[in-house]
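So the structure is just underneath, and the comments pick up after that.
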Amino acid sequence: MRNLFKLLSFGLLTLLLITAIHDSSAQDKNKRAPARSRRDSIRRELLQRKSLIRSFHRTGDADLDNLLGKIEDYTSQYIQNNSDLSKGFDTLEISQRLPSLEKRMGIMKKTIDNSTTLVYLVTIRNMVDRVTDQTKSWAKKLSKYSDQLDTLNADVTSFQQDTIISYAPEDPFVQRKYVLQVQDLQAKWRKLDSCVKKSIIRIGYLQNSISSLSILMIDLDDKVDIKISQFTVKSIDNEYGFIWDMHPQKNPIDTAVAKTYNLNSRLVKYFFPSKSNYWSHLAFIFLLILFFAWIFNSKRKIRRIKDEDAAKIFAQTRYIVKTPYTATLAVASILGLYFYDHPPQVIIQFMLVITTACIGLLIRNNWPKPLFKFGVVLFVLVIIFGISSLFIEITHLNRIVLLLSSAAAIYFSFKFLPFLKAKPEEYPPFMELIVKVFIALHAISILLNIAGRFSIAQIIGCTTVFNLSLAMGMYLLVQILMESLFLQLEGNKTENQEIISYLDFKVLQKKFKDVAIKIAFVLWLFALCRNLVIDDYIYDQANDFLTHPYKFSSTAFTFGSVLIFMIVIWMSGIIARLISYFYDFAGQQTKLTLQAKKTRSSILLIRLTVFVIGFFVAISAAGIPMDKVTIVIGALGVGIGFGLQNIVNNLVSGVILAFEKPVQVGDIIEVSGKSGTITEIGIRSSKIDCGNGSELIVPNGDLISQHVVNWTLTNNNRQIELTIGVAYGSDVKKIEDILKDIVNNHDDIMKTPAPGVYLNNFGETAITFKIQFWAEEIGKYTSLKSKILSEIYIKFAQEGIEIPNQKNDIQVNFPEGSRLITDSNPVIPPVKESPSDQDQ
């Protein structure tokens with residue numbers, strides 16, 4: 001039993017031992033398996049890295065810095081290129097608007113052949129020009145993007161073709177890091193290459209589309225030009241038949257009205273939301289607000305003073321105080337159209353209607369009633385002719401309405417003429433002549449309309465009405481601007497602003513009015529050319545004339561550069577004159593000290609600086625090369641040698657006077673036997689006020705070359721010297737005390753240096769005393785001398801001191817026996833007889 005137990009125990013122990021050994025071996029096997037898989041993975045990565053490293057050419061450690069520098073450069077270049085590419089290319093607007101423009105221009109190409117009026121053709125051409133400008137802007141923008149992409153693509157290609165980065169250092173540790181950097185960099189550049197290629201394809205597609213649209217624009221422009229030329233030739237012939245025998249009408253009036261409405265509504269919808277007009281819209285609104293704020297602010301300042309004074313100031317105006325809103329709207333409607341490039345005809349007519357309405361309201365209570373009635377007639381004519389000009393097809397009704405309208409214009413103009421002849425001074429200048437021309441042009445329009453030349457008749461009739469209305473608007477515009485300037489100056493005077501107080505309104509009004517009239521006339525001429533549909537032709541001809549190169553000897557030039565040069569020089573002259581005006585007027589209106597007056601001599605330096613800067617700016621703006629300028633200066637040198645010595649001498653002397661300042665504005669000088677106060681030192685000559693109402697103009701060369709006495713070079717003092725004579729026998733000590741008392745106790749005489757009284761001389765008939773004292777202001781020299789002499793005379797009379805009166809006694813001694821010759825007893829010399837008389 002015990003043996004059985006031992007056997008069972010041994011068996012169980014053996015079984016447990018085998019189980020334990022089996023479990024431990026299984027655990028060891030489980031532990032070794034992951035170790036083997038990691039080892040294999042590491043071994044595989046090591047083998048892959050080694051195979052990659054084998055693809056690199058080995059290089060020595062001496063070139064390691066070069067390789068790392070390459071990696072750093074390519075990394076920096078990638079960051080920069082990726083940053084540029086990430087900013088993107090703004091092509092959203094082009095992508096959205098390009099299809100609609102292509103579709104619109106395709107429709108326009110079909111409608112050009114069906115156009116029957118010149119206005120419609122001009123409208124199409126303006127649209128084509130606008131789209132052409134837009135495509136040019138887009139093409140320029142895409143070309144810039146394309147250049148950027150070409151640069152990026154060149155960088156990618158340069159990286160891909162660079163074989164230096166395929167070299168690897170020999171050090172294993174450095175190899176691993178280097179290879180990882182190269183792998184990462186290559187992945188980034190591949191991604192950049194993909195993005196660049198996609199952008200190149202997108203930009204290229206848009207460029208091709210814009211090129212196709214540009215070609216279409218060129219075709220449309222050529223078609224329109226050919227159509228306008230044909231229309232011009234056709235308009236001279238009897239295109240529509242005589243008024244009593246009109247050609248059959250292709251389309252009824254309702255169809256013409258519908259087509260006209262559709263076209264003009266599209267133009268209006270395109271005009272206002274167009275991005276090309278945003279800045280023009282803002283400028284128009286800014287003008288409207290700014291002008292009204294200007295008027296309102298001036299009125300507010302003037303109302304701060306007493307009511308009666310404000311009423312007197314307001315009474316000197318006609319428009320802006322009584323009707324400020326109408327005046328503001330008139331200014332905006334007249335000038336607003338010039339902010340836009342080729343606005344549609346419907347917009348032009350709408351603004352003209354507003355202008356004419358404002359004209360009627362402005363002249364209603366400010367001008368005679370006949371002029372207001374004529375303005376009402378003109379307003380109706382503007383509406384009728386404006387609607388007629390918008391039609392894109394000619395109808396019989398349009399011809400008849402235009403004929404009757406011209407006849408009505410002539411009728412009311414003849415009724416208005418007697419009032420102009422009776423009191424022409426109550427109406428605007430040249431009004432009678434303008435009305436007569438108005439009548440003549442409408443008569444021509446009627447004759448052409450009757451003869452079947454309706455297109456020319458319409459252009460003449462519409463242009464006559466539109467430009468007469470605009471001429472009246474320009475006249476009122478100048479008046480409104482002058483009134484606004486007047487209120488501005490008056491309002492600022494009440495605010496005690498010193499700068500405004502320097503302005504002479506009469507002079508400023510005259511100058512500003514002249515400039516405003518000239519600008520208004522130029523704007524009116526521009527509107528006239530636009531209404532006659534010749535503005536583009538004149539612009540092209542003027543542009544060709546100004547930009548066409550001409551040659552004079554070996555020198556090439558254009559009249560445009562000459563014009564720019566003259567304009568810049570003219571503007572520099574205006575600036576110099578404005579500076580001189582403010583200096584001169586300020587000196588006249590304010591009491592300046594001596595030093596302040598002398599500093600005004602620096603105006604010459606300022607003017608010279610303005611002219612020099614203007615000259616070089618003009619040369620740069622005109623594109624004149626400096627070597628040509630040196631040739632001109634050399635030619636001037638030759639001219640100086642022949643006959644310009646005096647002029648150049650005076651110019652150089654003016655520069656010397658400006659820098660050396662031997663004489664300055666305000667100095668009292670004597671030159672060429674004349675004395676006076678210098679009022680102006682110019683570039684060539686200077687002006688001296690002689691004090692007797694005359695001005696002496698002295699060349700600057702005389703002030704440098706001649707002896708000039710300057711009484712006020714260092715100070716404004718002047719010594720006065722008086723010589724007083726008393727009779728012999730007078731008390732010398734008493735006279736000396738009297739004279740000292742007079743000069744020492746006088747307020748206008750300077751105490752330092754102290755005045756002096758000296759016994760001067762013993763004359764033939766008197767004892768003379770010399771008195772010397774200083775006047776603080778040289779301008780008071782004459783009056784102070786007169787006061788001192790008066791006091792001396794009165795004091796001597798009170799003290800009984802005799803001032804001798806010099807008398808010259810002539811004694812004549814006659815010989816004894818001679819007689820005194822008098823009128824009653826003349827001495828008649830004896831007459832000697834000649835020998836011939838004695839013989840007789």
Side-chain angles (χ1 to χ4, degrees), residues 243 318-319 323 326 330 333-334 349 352-389 399-451 453-454 456-480 482 513 517 520-521 523-525 527-529 531-532:
I243 196 71
R318 282 186 172 186
Y319 310 108
T323 54
T326 305
S333 62
I334 293 171
Q349 303 308 324
L352 189 61
V353 169
I354 295 178
T355 300
T356 311
C358 292
I359 291 172
L361 295 175
L362 291 173
I363 66 177
R364 181 176 183 179
N365 297 320
N366 298 298
W367 292 90
K369 291 297 181 181
L371 182 60
F372 172 71
K373 294 179 180 179
F374 184 76
V376 173
V377 173
L378 186 63
F379 175 73
V380 176
L381 292 175
V382 166
I383 295 176
I384 295 174
F385 280 90
I387 295 175
S388 173
S389 66
R399 289 187 63 181
I400 296 173
V401 170
L402 213 64
L403 181 67
L404 296 177
S405 300
S406 296
I410 294 174
Y411 171 75
F412 287 105
S413 298
F414 271 115
K415 288 188 64 176
F416 181 50
L417 274 178
F419 298 100
L420 293 175
K421 294 179 180 180
K423 297 180 179 179
E425 68 278 358
E426 296 183 358
Y427 297 91
F430 308 109
M431 193 67 189
E432 182 179 354
L433 176 62
I434 291 173
V435 172
K436 290 180 179 179
V437 174
F438 182 76
I439 294 172
L441 291 176
H442 274 291
I444 295 173
S445 176
I446 290 175
L447 294 176
L448 292 173
N449 194 354
I450 293 174
R453 280 74 174 175
F454 177 72
I456 301 178
Q458 186 182 36
I459 291 174
I460 293 176
C462 293
T463 302
T464 303
V465 172
F466 297 160
N467 277 83
L468 176 59
S469 176
L470 189 59
M472 295 179 65
M474 290 294 181
Y475 176 79
L476 292 177
L477 173 66
V478 174
Q479 303 299 320
I480 291 172
M482 296 311 302
K513 189 174 183 179
I517 290 173
F521 181 72
L523 294 178
W524 182 83
L525 285 180
L528 176 63
C529 296
N531 291 329
L532 292 174

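Note that the CG atom of Leu448 and the CG atom of Leu403 stand 11.5 Å from one another [nearest 0.5 Å]. Of the inter-residue distances, the one linking Met482 atom CE with Ile517 atom CD1 reads 8.5 Å to the nearest 0.5 angstrom. Leu476 CG to Thr326 OG1: the interatomic distance, rounded to the nearest 0.5 Å, is 11.5 Å. Annotation: the span from Ile480 atom CD1 to Thr323 atom OG1 amounts to 7.5 Å, rounded to 0.5 Å. In this structure, OH on Tyr319 lies 8.5 Å from CD1 on Ile363, to the nearest 0.5 angstrom. Annotation: the span from Ser405 atom OG to Ile410 atom CD1 amounts to 11.0 Å, rounded to 0.5 Å.
No side-chain heavy atom of Ser333 sits under 4.5 Å from any side-chain heavy atom of Leu352. Residues Phe438 and Thr464 form a side-chain contact, since some pair of their non-hydrogen atoms from C-beta on lies under 4.5 Å apart. The shortest side-chain heavy-atom distance between Trp367 and Arg318 falls under the 4.5 Å cut-off. Two residues are said to be in side-chain contact when any heavy atoms from C-beta on lie closer than 4.5 Å; Ser469 and Ile359 meet this criterion. Within the 4.5 Å cutoff, no side-chain heavy atoms of Ile444 are placed close to those of Ile456. Side-chain contact between Arg453 and Leu447 is absent, with no heavy-atom pair separated by less than 4.5 Å. Put simply, the side chain of Leu362 does not reach to within 4.5 Å of the side chain of Gln479, judged on heavy atoms. For the pair Ile439 and Lys436, the minimum side-chain heavy-atom distance is 4.5 Å or more.
The only member of Leu371, Ile434, Leu433, Val435 that meets side chain to side chain contact (heavy atoms under 4.5 Å, CB included) when paired with Leu420 is Val435.
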Trace of the side chain to side chain contact (heavy atoms under 4.5 Å, CB included) decision for Leu470 with Trp524: CA-CA 7 Å; Leu470 189 59; Trp524 182 83; 4.2 Å; yes
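Closest of all the heavy-atom pairs between Gly473 and Ile334 is O-CD1, 3.2 Å. Among all heavy-atom pairs drawn from Pro368 and Tyr427, the shortest one is CB-OH, 3.6 Å. Nearest heavy atoms, His442 versus Gly461: CE1-O, 4.0 Å.
Within a 6.0 Å radius of CZ in Arg364, other residues, nucleotides and ligands contribute 12 heavy atoms or fewer. The environment of Phe419 atom CZ is sparse: at most 12 non-hydrogen atoms of other residues, nucleotides or ligands sit within 6.0 angstrom.
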Can you give me every donor-acceptor pair (side chain of residues 372-388, partner residue at least two apart or in another chain, under 3.5 Å) with its distance?
from, atom 1, to, atom 2, distance (Å)
Ser388, OG, Asn398, OD1, 2.8
Ser388, OG, Gln458, NE2, 3.1

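A donor-acceptor pair is defined here as one N or O able to donate and one able to accept, closer than 3.5 Å; such a pair exists between the side chain of Asn449 and the backbone of Arg399. Of the possible polar contacts, none joining the Ser445 side chain to the Leu441 backbone as a donor-acceptor pair under 3.5 Å is found.
No close placement of the Tyr475 and Phe521 rings is indicated, their centers lying 6.0 Å or farther apart.
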